[in-house]
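All values below were derived from every heavy atom in this structure, side-chain atoms included, with hydrogens, water molecules and symmetry-related copies excluded. FYI, the numbering just counts along the sequence from 1.
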Amino acid sequence: MEKKKSLIREYIEAIAIAVFLAIVIRTFVIQAFKIPSGSMIPTLDIGDHILVSKFIYGIRIPFTDIKILDFKKPNRGDIIVFIYPEDEKKDFIKRVVGVPGDKIELKNKELYINGEKLTEKYIIHQDPHTKPKEYEPRDNTGPIIVPPDSLFVMGDNRDQSYDSRYWGFVKISKVKGRAFIIYWSWDGKDTWVRWWRIGKIIR
C-alpha cells in the first residue's frame with residue numbers, strides 16, 4: 001500500500017514540476033504564436049506557427065509593464081510581438097521601422113528614416129495605386145518623430161497592414177518578444193503542411 005501511495009505521489013510531483021516548468025518557460029523564455037492574418041506576407045504567412053524569444057528584451061514581471069534584466073532594446077528590422085495599443089487583449093506582430101528619436105516619413109510608398117530612403121527587400125506592395133495623404137496615411141505619412149520609449153512598426157505587406165501609420169506608436173514596455181523561427185506551417189486548404197517553411201529563421 002505504501003509503495004502504491006509513493007508511486008502516485010511521484011507521478012503527481014512529476015506532473016506538477018512539468019506544469020511549473022511549462023508556465024515558467026512560456027512566461028519568461030519562449031512563447032508560441034500563430035499568424036492569423038496576411039499583414040506580414042511574404043515574411044510570415046497565414047497559418048505559420050512561430051516561436052518568440054521573450055527574454056531578449058528583458059524579463060517582464062507578470063501582469064505589469066515592469067521589466068528586469070533588460071538585455072537590449074528592439075532595433076530597426078526586428079519582428080516583434082506586442083500588446084496592441086487599442087485593445088490590450090490582443091497581440092500584434094509587425095516589423096520595427098523606427099526607434100526613439102527617428103524621423104519617419106512615407107512618400108509615395110517609399111520609407112525614409114531620418115531623411116534617408118530605406119531599402120527594404122522584405123516588403124511587398126499589392127496595390128499599384130498610391131493614395132494621397134489627405135485620403136489616408138497608408139502611402140504618405142509624416143514626417144513624425146518617434147517619442148522616447150516608443151517604436152514605429154509596420155507590416156511587410158505594406159498595402160494590407162493595419163499598423164503605426166493608423167494607430168500610432170508601440171510602447172517598448174508593451175513588447176512581448178522577438179520572433180525568431182517558424183516551427184510549423186500549414187494552410188488547411190491546398191498544400192496543407194508547408195514543409196519548406198518549417199524551421200525557417202525569421203528575418
Side-chain angles (χ1 to χ4, degrees), residues 18-60 62 71-99 106 109 111 118-128 138-139 151-167 169-172 174-203:
V19 170
F20 173 76
L21 289 175
I23 292 172
V24 169
I25 290 170
R26 186 181 185 277
T27 303
F28 298 111
V29 185
I30 292 175
Q31 187 171 349
F33 290 88
K34 179 184 176 182
I35 304 301
S37 74
S39 70
M40 284 297 293
I41 291 173
T43 307
L44 296 171
D45 209 343
I46 298 171
D48 282 347
H49 294 247
I50 65 171
L51 293 179
V52 170
S53 171
K54 300 190 74 172
F55 66 87
I56 192 167
Y57 300 133
I59 296 173
R60 178 196 297 271
F71 300 112
K72 61 179 291 188
K73 299 291 185 184
N75 293 318
R76 287 192 217 105
D78 288 358
I79 297 176
I80 61 170
V81 171
F82 56 92
I83 298 170
Y84 175 41
E86 295 191 337
D87 183 355
E88 295 202 346
K89 295 179 181 177
K90 296 180 180 179
D91 293 326
F92 268 29
I93 183 166
K94 305 290 178 186
R95 188 183 295 273
V96 177
V97 299
V99 297
L106 200 63
K109 301 194 180 198
L111 181 63
L118 193 66
T119 300
E120 301 177 285
K121 297 179 180 180
Y122 40 77
I123 68 169
I124 60 170
H125 290 286
Q126 296 182 321
D127 183 358
R138 187 190 74 175
D139 303 326
L151 304 168
F152 193 94
V153 299
M154 297 171 70
D156 289 354
N157 187 0
R158 288 290 160 82
D159 297 333
Q160 304 292 328
S161 176
Y162 188 54
D163 50 40
S164 287
R165 292 171 290 181
Y166 296 91
W167 43 255
F169 306 102
V170 175
K171 289 289 186 183
I172 293 177
K174 299 294 184 180
V175 176
K176 287 193 166 184
R178 187 177 74 184
F180 69 94
I181 195 169
I182 299 171
Y183 73 89
W184 179 253
S185 181
W186 77 307
D187 63 12
K189 298 181 295 182
D190 303 320
T191 57
W192 284 80
V193 179
R194 294 181 291 221
W195 298 105
W196 62 91
R197 296 187 66 78
I198 297 173
K200 180 182 177 183
I201 302 298
I202 299 170
R203 295 186 174 91

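Side chain of Asp159 to main chain of Gln126: a donor-acceptor pair is present (N/O by atom type, distance under 3.5 Å, no hydrogens or angles). Between the Asp156 side chain and the Thr43 main chain, no donor and acceptor come within less than 3.5 Å of each other.
To the nearest 0.5 Å, atoms CD1 (Ile172) and CD1 (Ile80) are separated by 8.5 Å. Rounding to the nearest 0.5 Å gives a distance of 11.0 Å between CD1 of Ile50 and CD1 of Ile181. Between Phe82 atom CZ and Lys90 atom NZ the span is 12.5 Å, to the nearest 0.5 Å. Put simply, NZ on Lys109 and CD on Glu120 are 13.0 Å apart, with the number rounded to the nearest 0.5 Å. Atom CG of Leu151 sits about 10.0 Å away from atom NZ of Lys171, to the nearest 0.5 Å. Atom CG of Leu106 and atom CE of Met154 lie 5.0 Å apart (nearest 0.5 Å).
What you find for Val96 and Pro74 is that their closest heavy atoms are CG2-CB, 4.4 Å. Smallest separation of non-hydrogen atoms from Lys72 and Asn75: NZ-ND2, 3.7 Å. Nearest heavy atoms, Ser185 versus Ile198: N-CG1, 3.9 Å. When all heavy atoms are compared, the tightest approach of Val97 to Arg158 is CG1-NH2, 3.8 Å. For the pair Asp78 and Tyr57, the tightest heavy-atom approach, listed with the atom from each and the gap, is OD2-OH, 2.6 Å.
Residues forming a side-chain contact (heavy atoms from CB on, under 4.5 Å) with Arg203 (at least two apart in sequence, or on another chain): Ile201.
Two residues are said to be in side-chain contact when any heavy atoms from C-beta on lie closer than 4.5 Å; Ile182 and Leu44 meet this criterion. Between Asp48 and Lys200 the shortest side-chain heavy-atom distance does not fall below 4.5 Å. No side-chain heavy atom of Ile123 sits less than 4.5 Å from a side-chain heavy atom of Leu111.
Using cut-offs of 30° and 60° on the angle between ring planes, the pair Phe152 and Phe169 is perpendicular. Ring orientation note: the planes of Phe92 and Tyr84 are close to parallel, at an angle under 30° on the 30°/60° scale.
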* Working for side chain to side chain contact (heavy atoms under 4.5 Å, CB included), residues Leu118 and Arg76 -> CA-CA 11 Å; Leu118 193 66; Arg76 287 192 217 105; 5.7 Å; no

* To do: Please report the C-alpha distance between Val99 and Lys73 in whole Å, then the side-chain angles of each, then the deciding distance to 0.1 Å, and finally whether the side chain to side chain contact (heavy atoms under 4.5 Å, CB included) criterion is met.
  => CA-CA 9 Å; Val99 297; Lys73 299 291 185 184; over 6 Å; no

* Take Glu86 and Tyr166 through the side chain to side chain contact (heavy atoms under 4.5 Å, CB included) test and state the conclusion after the steps. => CA-CA 11 Å; Glu86 295 191 337; Tyr166 296 91; over 6 Å; no

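A salt bridge between Asp163 and Arg95 is absent, with no side-chain N of the basic residue lying under 4.0 Å from a carboxylate O of the acidic one. The existence of a salt bridge linking Asp45 and Arg197 is excluded, since no basic side-chain nitrogen approaches an acidic carboxylate oxygen closer than 4.0 Å.
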Side-chain donor-acceptor distances from residues 33-42 under 3.5 Å, at least two apart:
from, atom 1, to, atom 2, distance (Å)
Ser39, OG, Lys94, NZ, 3.0

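A 6.0 Å sphere centred on CH2 of Trp167 holds more than 12 heavy atoms belonging to other residues, nucleotides or ligands.
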